[in-house]
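One structure is given here, and the rest of the page talks about it.
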Amino acid sequence: MAGRLPSITPDKKLHRSNEELRDRNEETPIYQRQEFKMPRTLTKEERKVWKFLVQVFRETVNCRVSDADVDMMVLYCRAKVATDEADAALKEDPRAYLVYECGEDKDGNPKYVLKANPNIKKRNDNAALCIRLADQLGLSPQARARAGLKAANAKRKDDPFRKMMQRKDD
């Protein structure tokens with residue numbers, strides 16, 4: 001067998017303790033109230049997405065998104081609208097490749113070229129951006145779970161899993 005042997009450190013912690021998890025949960029900022037001001041540069045469609053985002057954040061009691069994240073919310077709105085536009089264009093013309101005329105050959109016959117449908121790339125790129133921004137804003141289930149149980153169960157006053165996480169099985 002080639003390669004280096006793994007190094008073993010006996011004092012290395014493999015798991016976080018309940019105290020470390022509790023401290024992390026206590027140190028994470030939680031905003032009780034948000035005043036998300038809609039930027040004037042948004043289009044009509046982007047304003048609809050903005051209102052949806054603000055409604056979601058206002059319904060969450062312990063929100064981890066603040067007014068400092070407005071630019072990220074604007075980017076999400078633009079990406080979502082661009083995804084919807086590309087999706088609507090693909091419903092009208094779902095072809096993967098489009099035929100374009102590009103002149104004539106030496107005999108006078110028209111020449112054609114096949115190009116990939118630009119709406120497919122537009123939809124895929126903007127959808128990927130929406131997913132990344134939604135994850136950053138805490139809108140995905142994984143992001144809420146990663147933020148901690150306190151944020152994931154923001155509507156609940158008591159957390160049923162807290163007692164289980166703080167137990168000591170000695």
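The structure displayed is predicted, hence computed values, not measured ones. Nothing fancy with the numbering, it's 1 onward along the sequence.
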Checklist entry - Any side-chain heavy atom of M73 sitting closer than 4.5 Å to one from F57? => result yes

Checklist entry - How far does CZ of R123 sit from OG1 of T83, to the nearest 0.5 angstrom? => result 9.0 Å

Item to check | Partners passing side chain to side chain contact (heavy atoms under 4.5 Å, CB included) against P39 (at least two apart in sequence or in another chain) | outcome: T41, L42, W50, V70, V74

Item to check | salt bridge (Lys or Arg N to Asp or Glu O under 4.0 Å) contacts touching residues 39-57 (sequence neighbours left out) | outcome: E46-R78

Item to check | Sequence neighbours excluded - salt bridge (Lys or Arg N to Asp or Glu O under 4.0 Å) pairs with any residue from residues 99-108 | outcome: none

Item to check | side chain to side chain contact (heavy atoms under 4.5 Å, CB included) partners of D125, counting only residues at least two apart | outcome: K121

Next on the checklist: Restricting to side-chain hydrogen bond (donor to acceptor under 3.5 Å, both in side chains), what partner residues turn up for R95, sequence neighbours left out?
Outcome noted: D93

Checklist entry - Is I131 reachable from L133 through a run of I, L, V, M, F, W or Y residues, each pair having side-chain heavy atoms under 4.5 Å apart? => result no

Item to check | Pairwise side-chain contact, K115 with L98, heavy-atom cut-off 4.5 Å (strictly under) | outcome: no

Item to check | Heavy-atom side-chain proximity of L75 to L129 below 4.5 angstrom | outcome: no

Next on the checklist: The criterion is side chain to side chain contact (heavy atoms under 4.5 Å, CB included); which residues satisfy it with A82, sequence neighbours excluded?
Outcome noted: K122, N126

Checklist entry - Does the side chain of Q136 reach to within under 4.5 Å of the side chain of D69, using non-hydrogen atoms? => result no

Checklist outcome for this item: The side-chain hydrogen bond (donor to acceptor under 3.5 Å, both in side chains) partners of D135 (sequence neighbours excluded) come to S140, R146

Next on the checklist: Tell me the closest heavy-atom pair linking A79 and C130, and the distance in Å.
Outcome noted: C-SG, 3.5 Å

Checklist entry - So how far is it from K111 NZ to N109 CG, rounded to the nearest 0.5 Å? => result 11.0 Å

Checklist entry - Under the side-chain hydrogen bond (donor to acceptor under 3.5 Å, both in side chains) test, which residues partner N117, sequence neighbours left out? => result none

Item to check | Results of side chain to side chain contact (heavy atoms under 4.5 Å, CB included) for A134 - residues two or more places apart only | outcome: Y76, L139

Next on the checklist: Hydrophobic clusters here meaning ILVMFWY residues chained together by side-chain heavy-atom distances under 4.5 Å, can you tell me if I120 and Y97 are in one?
Outcome noted: no

